[in-house]
Structures are given as C-alpha cells and as structure tokens.
Amino acid sequence: MIRVRFAPSPTGYLHIGNARTAILNWLCARHYNGRFILRIEDTDVKRSSRESELSIISDLKWLGLNWDEGPDIGGKFGPYRQSERTEIYQKVAGKLKQMGRAYDCYCTDEELKRDREEDLKNKRPPKYRRRCLNLTEEEKKKKISEGRKPSVRFFVEPGLISFKDLVAGEVEFDTVNIGDFVILKSDGKPTYNFAVVVDDALMEISIVIRGNDHLSNTPKQIMLYNVLGYKLPEFAHIPMITGKDGARLSKRHGATSVMEYRKKGYLPEAMINYLSLLSWSSTSGEEILSIERLIEEFSFERISRSQATFDIKKFNWLNGYYIRNSSIERITELCKPYLTEKGFEVKDDDILEKMVNSVKDNLDYLSQISERIEVFFFDRAKTIGEMELSFLRESNSRMVLSEFCKKVANIKEFSTEEFGRVMKEIQNETGIKGKSLWMPVRLALTGRFEGPELVKILEIFGPNKTRDIIIDTYNKYLKN
RNA sequence: GUCCCCUUCGUCUAGUGGUUAGGACCCAGGAUUUUCGAUCCUGCAACAGGGGUUCGACUCCCCUAGGGGACGCCA
C-alpha cells in the first residue's frame with residue numbers, strides 16, 4: 001500500500017508551490033490506489049495558527065484534493081497535528097540520548113549566531129562546533145543555574161549517505177559537511193528534520209514527495225531513520241516553481257497563494273491542470289488534461305529535474321479555456337458574487353445568463369466579468385472618450401448615424417429584424433460597410449470600441465432601447 | 001565559503017547516438033467576424049560555452065560559466 005502525505009506548516013495561506021506538492025502527492029496516491037494523508041506541521045508555536053490551518057484546508061478542498069487521514073477526519077495513525085504529538089518526539093529524543101546519539105546543548109542564540117558569522121567571515125562553512133558535546137556535570141549545572149534551557153542535538157557521525165531519489169536520481173552526501181543539528185528545541189518542541197522523520201516512519205509513509213529545497217535535508221533525515229531503526233521510505237524531490245527571475249516564487253513575483261487566484265476567479269480544475277504541467281508532461285503531448293487523465297498518467301519518470309517558471313499568461317489561457325468550455329449555468333453562478341460586489345443586480349436569471357454569455361469566451365478569469373458587462377448597467381455613451389468621440393465625428397460615422405436616425409424615427413414598431421434591414425439599406429445607399437458601418441453604431445450605443453457582440457447587446461436591450469440610445473447619442477454629439 | 005541540484009525557442013516542454021530538433025503559451029501576420037475577443041491557418045524563435053568518446057552527438061563523460069537550493073532552537 002502506497003502511503004503519501006502532504007505536510008504543510010500553518011503559517012499563512014496555501015502557497016502555489018505547496019499546492020503543487022499537494023497535487024502531486026494526491027495524484028500519486030490516487031494513481032496507485034494508495035492513501036493520501038494530511039499532516040499539520042505546527043511545531044513553530046510562534047508562527048503557526050489555527051486560522052492558517054483552516055484556510056489551507058479550505059483551499060485544498062476547493063482544489064478537490066481529498067485526504068484519507070488528517071486532523072479533521074482522524075485515522076489510525078493520529079494525531080495528525082504535530083503539536084499534539086510532542087510526547088512522542090520527546091520519547092524518541094530520550095531514546096537517542098540513551099543511545100549516546102544525542103546530547104543537550106546549552107548554547108544561546110547569540111553564541112550560535114556569533115560562531116556562524118565568524119565562520120562565514122572566514123569563508124568557512126558554518127557548522128556547529130560541538131561546544132556542549134563533552135560538558136561535565138558541573139558545567140551543565142552551572143549553565144542551568146544561569147537559567148539556560150537546553151536543546152537536544154543529534155550527534156552526526158562521519159560517513160557517506162547516498163540514496164536513489166525517484167526524481168533526482170542517485171544522490172550522495174558527505175556528512176562531514178553536516179553539523180550536529182537540533183532535534184528538540186529548548187521549548188521541548190521538535191524541529192522539522194526530527195518530527196518529519198518520526199512522523200513519516202510512524203505513519204508508515206512509503207514515499208516522501210516534497211519540494212527540491214528539502215533535498216539537502218534528506219541525509220540528516222536518513223541518519224535519523226538509520227539510527228532509530230526505522231524503515232526508509234522512498235524519496236521524490238520535485239523541482240521548485242520559480243518567478244520570472246528564476247528565484248523561488250515569492251510575494252514580489254505577484255500573487256503566490258491559492259487564495260488569491262481563487263478570489264480572482266480561476267477555476268480549480270484549471271489550477272490543477274496548469275500546476276501539473278510544471279515540470280511534468282503527458283506522453284501524449286496534450287496539455288488540456290482532466291483530473292482523471294492526470295491520475296491515470298501520473299508517473300515519477302515523467303517529472304523533469306529542472307525548476308519551472310510560473311507563467312501567468314499560460315495560466316490565463318488555460319483558465320480561459322476552461323471557462324469557455326464550462327456550462328453557461330455554472331459560469332453565471334460563479335460570476336454572481338463579483339457582480340453583487342459591484343452592485344450589478346439582475347433579478348431575471350435568463351437575462352443574467354445572456355449577459356454573461358455575451359462575454360464568456362473572452363474571460364481570463366471570472367472577476368473580469370463586471371468590467372466586461374458594465375455596458376449593460378451604465379449608459380456608457382455618456383462617458384465617451386476622446387478617441388471614441390473623434391471617430392464618431394468622422395464623416396462616415398456622421399453619415400451612417402444620421403441616416404440611421406432618419407430611417408428609424410418614423411418606424412412605429414422597431415424590431416431586431418427591422419434593425420438589420422435598416423443597416424442593410426444604409427450600406428446599400430452609402431456604400432459604407434464593415435467596420436466603418438458598424439463601429440459608429442457600436443460607439444453610439446456603448447461609447448466604447450470594444451465589447452460584447454452587437455447582436456447580443458441588442459438582444460438584451462431590446463430594439464427600442466437600442467434605438468433610443470443611438471438617437472440620443474447622435475443628438476448629443478453630432479446634431480450640428 | 002562548503003555541499004547538493006539544474007541548464008532545448010522569451011516561458012512550459014517533447015526528445016534517451018543518425019529528426020528539416022516537434023508541440024503549447026506569448027508575439028506577429030492572414031482568414032473569418034457586425035468591434036475586441038474567441039475560432040482556424042501561417043510565421044517568428046532554442047540545444048549555455050569548451051573539451052573529449054564516437055563514423056556520427058541535444059542525447060554519453062569531463063571542465064567552465066550561469067541559475068537555484070541547503071548549511072536556523074523556520075518548515
């Protein structure tokens with residue numbers, strides 16, 4: 001049974017990079033019919049919060065990633081929150097101390113920092129100097145009486161650690177480059193490198209899929225596995241997602257949280273599809289892939305080793321594709337909150353659907369809806385711009401519109417068919433056609449060069465209102 | 001500074017010794033269109049550099065350069 005896990009730290013919103021890690025874990029679990037476990041790594045008391053945990057869970061659910069065991073639903077390997085497993089870590093750390101593979105360290109942050117800076121200044125790799133390795137009982141007592149609380153460090157033995165990563169391939173590390181690292185902080189909480197090993201082992205995680213930034217942590221963890229006699233899992237370090245400058249995705253690259261994209265109106269299936277395309281490709285070469293296809297095609301072999309740049313343009317394209325191919329009912333429903341926010345209320349759902357449908361094919365993301373269908377709520381001919389106005393004042397435009405007004409003024413029951421017939425007449429009589437013929441009408445009606453198709457506006461406004469607006473605009477700007 | 005990873009069009013990628021180096025996004029042009037867009041078609045554009053190995057290297061090896069990551073009582 002394949003068991004994989006996603007283990008976020010609840011210190012903020014779900015990050016795009018973490019979301020991708022979650023997706024890959026989930027795809028792997030579903031592909032192999034294994035179990036997907038959610039574990040909360042909240043050992044940093046200061047930075048972790050329940051709000052973050054809740055928002056991460058909410059985003060994961062929105063993406064459609066369901067887990068088989070987790071803090072909210074339990075499971076037989078629980079608890080699934082590290083803050084609730086403190087005694088476990090302390091017991092294991094105690095065992096390590098008994099084995100002589102861990103020891104108390106009384107160094108203060110300041111002392112450690114000073115050593116570090118000195119190493120860096122002398123261009124030496126910063127490494128713990130084992131100041132507390134051979135402390136006598138006297139010295140320990142003295143430190144304690146000074147009010148120092150010890151942390152616990154793992155004793156690193158020299159040697160070569162190598163393993164075969166499912167993505168990175170064969171990797172080897174020399175432990176001389178690794179200092180004795182802290183496994184238990186002075187507040188009694190475990191550090192990441194310690195907790196992750198204990199939990200992954202106890203929760204019987206069989207494949208550890210995580211970001212490539214953890215690759216150099218792996219030898220530390222393998223030492224722990226070995227000393228503790230735990231069964232080693234397989235490792236799969238997936239390439240990181242970067243911004244345009246090649247550095248890991250961060251705030252300065254723009255939106256980095258799933259929440260932000262969610263709010264902007266990106267579709268979850270588009271996000272999963274796009275993120276799965278980063279550092280991975282289908283054997284078929286296709287890029288539009290359903291969740292089912294992604295599960296079916298998941299394979300470590302097709303995950304590339306190089307980092308990928310997050311490209312918002314391609315994401316927009318893909319999201320637009322999904323919007324275009326979703327039902328008008330769904331899109332309309334999803335658009336409602338954005339319209340409400342702008343005060344665009346439409347009682348009749350049929351009309352609203354028509355409005356949304358008139359621009360549905362042009363959206364990158366849903367929140368664009370309000371500006372796109374603004375034309376139906378404002379008389380935009382009243383706020384016409386300079387460029388638009390000068391186009392309207394060209395002789396062709398004047399001719400088209402004056403003819404239009406003249407022909408239409410005496411028609412009692414104006415209809416859509418009538419509208420078409422009148423335009424045809426104008427075309428025949430003046431010889432003006434195409435853009436020159438229709439743009440004046442569009443401008444007079446909407447005040448803008450672009451917008452929904454004219455027929456669709458006509459359909460929503462109705463022939464009479466359409467006519468009235470055009471005549472008004474003509475009278476206002478072109479009468480003399 | 002030390003260690004680890006990476007390097008094909010601007011971006012995401014295909015490619016596992018012999019290909020006109022393919023696709024997608026972007027961009028440009030055309031078609032269509034009652035605007036923009038959407039759609040269809042066409043085009044632009046890449047093997048980081050240098051050594052090997054080989055009859056033959058994008059592909060295998062080494063070096064250099066560049067990028068990224070780790071070296072925290074953050075995860």
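A, B, ... follow the sequence lines: proteins, then strands. Residue 1 opens every chain. From a predicted model like this one, the values you see are computed outputs, not experimental measurements. Side-chain atoms are counted along with the backbone in the values below, which use heavy atoms only and exclude waters and symmetry mates.
- You'll find that the side chain of A/P125 is closest to B/U2, out of B/U2, B/U35, B/A75.
- Heavy atoms of A/D119 sit nowhere under 4.0 angstrom from any nucleic acid atom.
- Taking atom P on both nucleotides, B/U16 is separated from B/C4 by 30 Å, rounded to a whole Å.
- For A/S186 against B/C73, a side-chain N or O and a base N or O form a donor-acceptor pair under 3.5 Å.
- Ionic pairing of A/K149 and A/D187 is not present here: no N-O contact between side-chain nitrogen and carboxylate oxygen is shorter than 4.0 angstrom.
- In this structure, A/K264 satisfies the cation-pi test against A/Y365, with its NZ or CZ atom closer than 6.0 Å to the six-membered ring centre and inside 45 degrees of the ring normal.
- Using atom C1' as the reference point in both B/G23 and B/G15, the two lie 12 Å apart (nearest Å).
- With a cut-off of 3.5 Å on both pairing distances, B/C9 has no Watson-Crick or G-U wobble partner at all.
- Residue contacts shown for A/R47 include a base, since a base heavy atom lies under 4.0 Å away.
- For the OP1/OP2 pair of B/U13 and a distance below 4.0 Å, the side-chain nitrogens and oxygens of A/S279 include at least one atom meeting the criterion.
- For A/R116 and B/G1, the shortest distance from a side-chain N or O to OP1 or OP2 is not below 4.0 Å.
- Residue-to-nucleotide contacts include a donor-acceptor pair under 3.5 Å from the side chain of A/K314 to the base of B/A24.
- Distance noted for atom P between B/A21 and B/C47: 12 Å (whole Å).
- Among the atoms of the strands shown, only primed sugar atoms or phosphate atoms (P, OP1, OP2) are found under 4.0 Å from some heavy atom of A/L277.
- Contact annotation for A/E287: base contact, defined as any heavy-atom pair under 4.0 Å involving a base atom.
- Here B/A75 is the nucleotide among B/C3, B/G69, B/A75 with the atom lying nearest to any side-chain atom of A/N193.
- Comparing B/A45 with B/C25, their C1' atoms are spaced 13 Å from each other, to the whole Å.
- Comparing B/C36 with B/U20, their P atoms sit 41 Å apart, to the nearest whole Å.
- When heavy atoms are screened at a 4.0 angstrom cut-off, A/E453 is found touching base atoms of the nucleic acid.
- Seen from the ring of A/F6, A/R39 does not count as a face-on cation partner, given the 6.0 Å and 45° thresholds.
- For A/A308, counting side-chain heavy atoms from C-beta on, the closest listed nucleotide (B/C12, B/A38, B/A70) is B/C12.
- The distance from the NZ atom of A/K189 to the OG1 atom of A/T43 is 8.5 Å, given to the nearest 0.5 Å.
- Counting non-hydrogen atoms under 4.0 angstrom, A/K185 reaches a base of the nucleic acid.
- No aromatic stack links A/W317 and the base of B/C25, using centre distance under 5.5 Å and interplanar angle under 30°.
- Put simply, A/S306 has no side-chain N or O that comes within less than 4.0 Å of OP1 or OP2 on B/C5.
- Distance noted for atom C1' between B/C9 and B/C44: 10 Å (whole Å).
- When heavy atoms are screened at a 4.0 angstrom cut-off, A/H214 is found touching base atoms of the nucleic acid.
- Nucleic acid contact class of A/E172 (heavy atoms, under 4.0 Å, all strands): sugar-phosphate only.
- Aromatic ring pairs are classed by plane angle as parallel below 30°, tilted from 30° to 60° and perpendicular above 60°; the pair A/F235 and A/Y225 is perpendicular.
- Straight-line distance between the P atoms of B/A24 and B/A14: roughly 15 Å, to the nearest whole Å.
- The line from CG of A/L318 to CD1 of A/I288 is 5.0 Å long, rounded to the nearest 0.5 Å.
- Using a 4.0 Å heavy-atom distance criterion, A/T218 is classed as making no nucleic acid contact.
- At the heavy-atom level, A/S151 lies under 4.0 Å from base atoms of the strands shown.
- In this structure, A/F154 and A/F181 have tilted ring planes: the angle between them lies in the 30° to 60° band.
- Here A/R305 lies in heavy-atom contact (under 4.0 Å) with sugar-phosphate atoms only.
- As the counterpart of B/U42, B/A28 is assigned, both hydrogen-bonding distances of the Watson-Crick or G-U wobble pattern falling under 3.5 Å.
- Here A/R302 lies in heavy-atom contact (under 4.0 Å) with sugar-phosphate atoms only.
- In this structure, of B/C12, B/C6, B/C3, it is B/C3 that holds the atom nearest to the side chain of A/F173.
- Comparing atom distances between the A/D311 side chain and each of B/C73, B/G37, B/G10 picks out B/G10 as nearest.
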